[in-house]
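In what follows, a single structure is set out as structure tokens and then discussed.
As a basis for the values below, the full set of heavy atoms in this structure was taken, side chains included, without hydrogen atoms, waters or symmetry mates. Residues: numbered from 1 along the sequence shown.
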Amino acid sequence: MKTLVPKALRPGDTIGLVSPSSPSPDKERIQQAVLYLEKIGYRVKPARHFNCRADNRHELDRQKLHDLHEMFADRSVKGIFCLRGGSGATRLLQDIDYGLISKNPKILAGYSDITALSLAIYARSGLITFSGPMLATELHAPSPYTEEHFWTMLSDPDRTHEIVNHSEHPRNILRPGSGEGILIAGNLSVLSCLAGTPFMPSTKEAILLFEDINEEPYRIDRLLSHLYNAGLIGHCQGLLFGQFRREVMRFDCQQPLIDIFHYYTAKIQNSIPVAAGISYGHIENMFTLPIGASCRIVASDGNLVITTTAAVTR
């Protein structure tokens, strides 16, 4: 399938707002995010059912699908930002009009539960999507690190992007080496739900990057074993682990989790680089990742360089 590269955002563009996962009770944060986007030069267009609630899941899913399709079809909308994560996005995958998305490729940004949409849209349409900050969780008051990397990724079509860790996030090289492939990243719990479905992109010769939030080590082990048993991580070209807590990951006090990472490092090909502690996840200072873009890793005992190709076009 041909990779579709969305157009870069420019000041004055209209950004559509959707809520494919859970609603947010914090209307003040949403308003702050809208004001932030307008302040830096963008127009904002909430979808018809943005942040709506419904007791009937069938009706709620119908509203979410309507909004998603309307925003992709609306030629005045140049990018689509998600409200927050939570749950519910996986219920939409069977009914999304992927042909509509293929005909109207544009930026879609969100992470956590939005992992389901990002991976399904890439798998079924070839469109590069962006795993990054959302309205009610980061964009109401983004940190300088999150802000810089988000807008550079979405608006600069002329450069490759280096994933440079935040200074507070120590990296752990579990195995040195180099690898190159398509970047497949997201929340581990959500991503594992797609295994065995037509909405999971091929991970053969891919660079994989997983994050999660406040899951016990035994749960992380179970999720990774599921992916390994499904044949999804044994033949990748690189394996990366982001953050798994809101607080900074300290390798000296999270030994059970590091032991699990070492275990799966030993299960994959000997030449494949593996590293942990990447600035990606449910954290204040997070990097934005282009799902479906080409990615390269070079890991040595004291250094880690991760680069992706430009994920937007003019």
Side-chain angles (χ1 to χ4, degrees), residues 20-22 61 82 84-96 98 108 110-124 129-132 134 137 174 181-246 249 254 256-269 272 274-278 280-283 286 289-292 295:
S21 295
S22 297
D61 290 354
C82 294
R84 57 161 294 181
S87 65
T90 53
R91 297 200 307 267
L92 308 179
L93 303 186
Q94 287 278 0
D95 298 311
I96 290 174
Y98 297 100
L108 175 72
Y111 75 108
S112 190
D113 191 54
I114 305 301
T115 295
L117 292 185
S118 290
L119 296 184
I121 287 172
Y122 175 67
R124 300 297 296 272
T129 60
F130 298 86
S131 189
M134 299 180 288
T137 52
L174 303 176
I182 297 300
L183 179 62
I184 302 296
N187 178 264
L188 180 59
S189 295
V190 177
L191 186 149
S192 68
C193 292
L194 303 185
T197 76
F199 309 112
M200 183 68 197
S202 172
T203 60
K204 187 176 181 180
E205 299 185 352
I207 303 295
L208 301 178
L209 202 170
F210 303 133
E211 62 85 23
D212 219 311
I213 179 66
N214 294 336
E215 293 286 0
E216 293 295 329
Y218 79 89
R219 281 272 302 158
I220 301 299
D221 184 25
R222 182 182 294 158
L223 293 165
L224 289 172
S225 69
H226 175 60
L227 293 180
Y228 181 78
N229 291 335
L232 296 179
I233 62 175
H235 300 286
C236 65
Q237 290 300 300
L239 182 59
L240 301 170
F241 297 101
Q243 302 294 313
F244 285 74
R245 297 287 187 272
R246 292 196 187 279
M249 180 184 287
Q254 292 183 312
L257 191 58
I258 299 304
D259 287 345
I260 290 168
F261 295 164
H262 277 292
Y263 174 83
Y264 288 96
T265 298
K267 298 283 278 185
I268 64 175
Q269 303 175 66
I272 300 306
V274 184
I278 310 303
Y280 170 66
H282 291 67
I283 49 177
M286 65 179 298
L289 300 175
I291 308 304
C295 180

Please give me the minimum heavy-atom distance between [X] and [Y], naming the atom from each residue.
X      : Y      : result
Ser22  : Ser87  : OG-N, 3.0 Å
Cys236 : Ile272 : O-CD1, 3.3 Å
Met200 : Leu191 : CE-CD2, 3.7 Å

Determine whether [X] and [Y] make a side-chain contact, defined as any pair of heavy atoms from C-beta on separated by less than 4.5 Å.
X      : Y      : value
Pro20  : Leu92  : yes
Leu227 : Leu223 : no
Phe210 : Ile233 : yes
Leu289 : Tyr111 : no

Which pairs count as side-chain hydrogen bond (donor to acceptor under 3.5 Å, both in side chains) when at least one residue sits in residues 200-212, sequence neighbours excluded?
Asn187-Glu211, Asn187-Asp212, Ser189-Asp212, Glu211-His282

Assess whether side chain to side chain contact (heavy atoms under 4.5 Å, CB included) is satisfied between Leu194 and Leu93, documenting all intermediate values.
CA-CA 10 Å; Leu194 303 185; Leu93 303 186; 3.6 Å; yes

Residue set satisfying side chain to side chain donor-acceptor pair (under 3.5 Å) with Asp259, at least two apart, ordered chain then number -> Gln255

Sequence neighbours excluded, which residues qualify as side chain to side chain donor-acceptor pair (under 3.5 Å) partners of Tyr264?
Asp221

[atom1]-[atom2] distance between [X] and [Y], expressed to the nearest 0.5 angstrom:
X      : Y      : atom1 : atom2 : answer
Leu240 : Leu208 : CG    : CG    : 8.5 Å
Asn229 : Lys267 : CG    : NZ    : 8.0 Å
Phe244 : Leu257 : CZ    : CG    : 6.0 Å
Tyr122 : Thr129 : OH    : OG1   : 9.5 Å

Asp61: what forms a salt bridge (Lys or Arg N to Asp or Glu O under 4.0 Å) with it, not counting sequence neighbours?
Arg91

Partners of Arg219 by salt bridge (Lys or Arg N to Asp or Glu O under 4.0 Å), sequence neighbours excluded?
Glu215

Does Gln94 have more than 12 heavy atoms from other residues, nucleotides or ligands lying within 6.0 Å of its CD?
no

Partner of Leu117 under side chain to side chain contact (heavy atoms under 4.5 Å, CB included), chosen from Ile96, Val190, Ile291:
Ile96

Check: Ser131/Tyr280 side-chain N/O donor and acceptor closer than 3.5 Å
yes

Taking ring pair (Phe, Tyr, Trp, His ring centres under 6.0 Å) as the cut-off, I'd like each qualifying pair that reaches into residues 216-241, sequence neighbours left out, listed once.
Phe241-Phe261

